[in-house]
Participant: 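Have a look at this one before I ask anything.
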Number of protein chains: 2
Amino acid sequence: MAIVKYNYLNAAKFLKALSHPTRLMIVNELASGKKCVNDIKELVQANQPNISQHLSLLKLSGIVDSRQNGKMKCYFLKDEPMMRELFNNLKKNKLI
Amino acid sequence: MAIVKYNYLNAAKFLKALSHPTRLMIVNELASGKKCVNDIKELVQANQPNISQHLSLLKLSGIVDSRQNGKMKCYFLKDEPMMRELFNNLKKNKLI
DNA sequence: TAAAGATATTCGAATATGATTATATGATAA
DNA sequence: TTATCATATAATCATATTCGAATATCTTTA
């Protein structure tokens, strides 16, 4: 009897993690390289705790990782080529 | 001052519409061609109203469209090549 | 037109998400 | 060690999602 829904859980979680304007924006910024929270704050219109929450969700979803850099914390994509491909796809289809 | 979040709204909505296991499954099935609700019901483990709700959301999001076919209603992807590409991407990256 | 089959809509309960505010933590420099 | 800068967490509230049950709406055929 057919395919099990289980197979789609991971992909659904992945897409869900990306399905927020702020998070999409963050990921798109990170697609061009590692950035610290402060940089991100300048690019994204949201306050600090909100950005931090979104970053934490992205990290939990396995999309980004982070490294302490002196006083600052920098975030980067765990799979940059993959994300680039996804964003190119979205752009090609006029979704961004 | 940076890029506006507005630009990401459409893409976020699109991804959100896809970010549910049942809907992903439905869309993946439709990627190989038009299917009637009954066919979909056989493939997806969910009851009829639930499937109908998900289909309606997909339609509102502009991802699918439908055509009455006698007593039945058939759903199809509005942009099949695009979805195929997206799913190939997900498969390539072991997300499905 | 009535019955039956196929699909859609509505509603309520449970749960999840997102924003804001306040507070806490960690790292460095003085 | 204290002060300060940078970031994270917690608590709260408002809103959104999801599902199941009940019911409604087509569409066709008898």
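Note that these values count all heavy atoms, side chains included, but never hydrogens, waters or copies made by symmetry. Computed from a prediction, not measured in an experiment: that's the story for all the values here. Residue numbers begin at 1 in each chain, while the letters A, B, ... track the order of the sequences.
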Participant: Nearest heavy-atom pair of B:Q68 and B:M72: which atoms, and what distance?
Facilitator: NE2-O, 3.4 Å

Participant: In whole Å, I'd like the distance from the NZ atom of B:K13 to the P atom of D:dT17.
Facilitator: 11 Å

Participant: Return the value, rounded to whole Å, for the distance between atom CG of B:N47 and atom C1' of C:dT7.
Facilitator: 13 Å

Participant: Need the bend value for the helix from C:dT1-D:dA30 to C:dA30-D:dT1: angle between end axes, 5 pairs each end, nearest 10°.
Facilitator: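 Both end axes considered, the difference amounts to 10°.
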
Participant: Given C:dT7, C:dT9, D:dT9, identify the nucleotide with an atom nearest to the side chain of B:P49.
Facilitator: C:dT9

Participant: For residues 87-96 of chain A, run the donor-acceptor check on the side chains, cut-off 3.5 Å, and write out each pair with its distance to 0.1 Å, sequence neighbours left out.
Facilitator:
unit_1: A:N88; atom_1: ND2; unit_2: A:R84; atom_2: O; d: 3.3
unit_1: A:N89; atom_1: OD1; unit_2: A:N93; atom_2: ND2; d: 3.3
unit_1: A:K91; atom_1: NZ; unit_2: A:N28; atom_2: OD1; d: 3.3
unit_1: A:K92; atom_1: NZ; unit_2: B:E85; atom_2: OE1; d: 3.0
unit_1: A:K92; atom_1: NZ; unit_2: B:E85; atom_2: OE2; d: 3.0
unit_1: A:N93; atom_1: ND2; unit_2: A:N89; atom_2: O; d: 2.8

Participant: Picking from C:dA22, C:dA19, D:dT7, which would you name as closest to the side chain of A:H54?
Facilitator: C:dA19

Participant: Could you check how far CD of A:Q53 sits from P of C:dA16, rounded to whole Å?
Facilitator: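 For the pair A:Q53 CD and C:dA16 P, the rounded distance is 17 Å.
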
Participant: Whole Å only: how far is the CG atom of A:L18 from the C1' atom of C:dT17?
Facilitator: 16 Å

Participant: Nearest-Å distance, NZ (A:K41) to P (C:dA19)?
Facilitator: 16 Å

Participant: Whole angstrom is fine here: how far is it from CG in B:N50 over to P in C:dT7?
Facilitator: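 These atoms are roughly 15 Å apart.
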
Participant: Using every non-hydrogen atom in the two residues, find where A:L77 and A:M83 come nearest and quote the distance to one decimal.
Facilitator: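 Heavy atoms of A:L77 and A:M83 come nearest at CD1-CB, 3.6 Å.
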
Participant: So, for B:K41 and B:A46, which heavy atoms are closest and what is the spacing to 0.1 Å?
Facilitator: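 Smallest heavy-atom distance, with atoms named: CG-O, 4.2 Å.
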
Participant: Hey, does the side-chain of B:Q48 have a donor or acceptor N/O within less than 3.5 Å of a partner on the base of C:dA8?
Facilitator: yes

Participant: Show the nearest heavy-atom pair for residues B:L30 and B:E80, with the distance to one decimal.
Facilitator: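 So the minimum-distance heavy-atom pair works out to O-OE1, 4.1 Å.
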
Participant: If we count only N and O atoms by modelled type, under 3.5 Å, do the side chains of B:K13 and B:S61 hold a donor and an acceptor together?
Facilitator: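 On atom types as modelled, these side chains do not qualify, holding no pair under 3.5 Å.
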
Participant: Any idea which of D:dT18, D:dT7, C:dA8 is nearest the B:V37 side chain?
Facilitator: C:dA8

Participant: Considering non-hydrogen atoms only, spot the tightest contact between A:S32 and A:E29 and give its length.
Facilitator: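 Heavy atoms only, the tightest pair is OG-O, 2.9 Å.
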
Participant: Choosing from D:dT9, C:dA8, D:dT17, which nucleotide comes nearest the side chain of B:K16?
Facilitator: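 So the nucleotide nearest the side chain must be D:dT17.
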
Participant: Could you tell me how far apart A:H20 (NE2) and D:dT15 (P) are, to the nearest whole angstrom?
Facilitator: 15 Å

Participant: To check you understand the geometry: which heavy-atom pair defines the closest contact between B:F76 and B:R67, and what is its length?
Facilitator: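 Distance-wise, the nearest heavy atoms are CE2-N, 4.1 Å.
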
Participant: Atom CG of B:L24 and atom CG of A:N7: how far apart are they, to the nearest 0.5 Å?
Facilitator: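 CG of A:N7 is found 11.0 Å from CG of B:L24.
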
Participant: Roughly how many Å is it from CD1 in A:I51 to P in D:dA8, rounded to a whole number?
Facilitator: 10 Å

Participant: Just to be sure I understand the geometry, which residues of residues 55-78 of chain B put a non-hydrogen atom under 4.0 Å away from DNA chain D?
Facilitator: B:Q68, B:G70, B:K71

